[in-house]
Amino acid sequence: MTVEGSGSARRTPRHVACVMDGNGRWAARRSLPRTSGHLAAETTVIDVIEAARTAGVQWLSLYAFSTENWQRPSTEVDFLMRLVRRVVRKHAALLHARGIRCRFLGVADPRIPPALARDFADLMTLTGENRGMTLTVAFDHGGRRDIVAAARSLIRSGMPAEAVDERSFAAHLPFPDTPDVDLVIRTSGEQRISNFMLWQVAYAEWMFPPVLWPDFRAPHFVECLRAYQQRDRRFGGVAPDANGERRP
Ligand code: IPE
Ligand code: IPE
Ligand code: MG
């Protein structure tokens, strides 16, 4: 039985989200500056996008920069802004050729360089009609900020309090067509949400591979998909019996 909202996970997750963590430690282990770890992350990003597409994942979300990451030293923040711009420009044509629809979630802080924001907007426009896989890059993203923004938008709409339910609330989140996250992969062994897509991960399965993001490759990603397929997603219900039925 695979009705929406229940069922086993024995299929490819529709929406996979990655918290790309461990760049700084990867660099530190090599006595390199933290920025070297961010540089090395580019290869992983491209590998994972390709692995997800090949596996038939329809939605892939990557956490690239959090609202909390502004607290980092300005040299690191500036480096990340320049790196992300370079990566976006370098791979735009390939992403488009692969039929990937690209989106950027967040991107609200005035400290974001205008040229970078323009490149994000250009890539969203270029790939907006693609239907292959939707890649959402969470950049200057905070799950709480999105929820507050949705509450503001709902209040502005004048909807009476009694009419607000989960569905109408979710319709005010950014990119409201985004389905719930099925699987979150956080590399580097850290076991935290770190303010990532809080609404959408409500019933996600979680994996915490110890490998650092710059060392993470397609086989690691495929292994996470395989482990996901072994999970029984109950959504508060009961486990199925040998016939796949969910009887009390
Ligand atoms: C993730 O790696 C990249 C960003 C948050 C931009 P980190 O930079 O957090 O790496 P660690 O956690 O310090 O190893
Ligand atoms: C979360 O990683 C944000 C991104 C991966 C972009 P952090 O390394 O910033 O999170 P904390 O500090 O471990 O919670
Ligand atoms: Mg980290």
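Counting convention: from 1, in listed order, for ligands and their atoms alike.
Those atoms of ligand 2 with a heavy atom of V19 less than 4.0 angstrom away are 5 (C). Per-residue contacts place N23 under 4.0 angstrom from the following atoms of ligand 1 (heavy atoms of the residue considered): 1 (C), 2 (O), 3 (C), 7 (P), 10 (O), 14 (O). In the vicinity of R25, heavy-atom distances shorter than 4.0 Å reach the ligand 1 atoms 11 (P), 12 (O), 14 (O).
With a 4.0 Å cut-off on non-hydrogen atoms, F65 touches ligand 2 through its backbone and not its side chain.
Note that the CD1 atom of I185 and the CD atom of E223 stand 10.5 Å from one another [nearest 0.5 Å].
What sits closest to atom 8 (O) of ligand 2 on the protein, heavy atoms only, is D21 OD1, 3.2 Å. For atom 12 (O) of ligand 2, the closest non-hydrogen atom on the protein side is R192 NH2, 4.7 Å. The nearest protein atom to atom 10 (O) of ligand 1, hydrogens excluded, is given as G24 N, 2.9 Å; this is a heavy-atom distance. Protein heavy atom closest to atom 6 (C) of ligand 1, with residue, atom name and distance, is A64 O, 3.4 Å. Here the protein heavy atom with the shortest distance to atom 9 (O) of ligand 2 is N69 ND2, 2.8 Å.
Contact check on R101 versus E129 returns no salt bridge, with no Lys/Arg side-chain nitrogen under 4.0 Å from an Asp/Glu carboxylate oxygen. D109 and R145 are not joined by a salt bridge, as no carboxylate oxygen comes within less than 4.0 angstrom of a charged side-chain nitrogen. Ion pair D215/R217 not flagged as a salt bridge, since none of the NZ, NE, NH1 or NH2 atoms sits closer than 4.0 Å to an Asp/Glu carboxylate oxygen. The pair R233-D182 meets the salt-bridge criterion, since a charged nitrogen lies less than 4.0 angstrom from a carboxylate oxygen.
Ligand 1 lies nowhere less than 4.0 angstrom from a heavy atom belonging to E190. Contact analysis puts R72 in contact with ligand 2, with a non-hydrogen atom separation below 4.0 angstrom. At least one heavy atom of M20 lies less than 4.0 angstrom from ligand 2. Under the 4.0 angstrom criterion for non-hydrogen atoms, A41 is not in contact with ligand 1.
Remark: atom 14 (O) of ligand 2 lies closer than 4.0 Å to at least one protein heavy atom.
Relative to the six-membered ring of W70, R111 meets both conditions, a distance below 6.0 Å and an angle of at most 45° to the axis.
At a cut-off of 2.8 Å, E190 does not coordinate the Mg ion (ligand 3) through any N, O or S atom.
The environment of R152 atom CZ is sparse: at most 12 non-hydrogen atoms of other residues, nucleotides or ligands sit within 6.0 angstrom. Enclosure of atom CZ in R30 by more than 12 non-hydrogen atoms of other residues, nucleotides or ligands within 6.0 angstrom is indicated. For CZ of R131, the number of neighbouring non-hydrogen atoms (other residues, nucleotides, ligands) closer than 6.0 Å is greater than 12.
Judged by distance alone, the side chain of Y203 and the main-chain N or O of D180 form no donor-acceptor pair under 3.5 Å.
Considering backbone and side-chain atoms alike, R186 places an N or O below 3.5 Å from some N or O of ligand 2.
Residues H15 and T178 bring no donor and acceptor atom of their side chains to less than 3.5 Å of each other.
Selection from S194, G22, C18 by nearest heavy atom to atom 1 (C) of ligand 2 gives S194.
For D21, the N/O/S atom at the shortest distance from the Mg ion (ligand 3) is named OD1.
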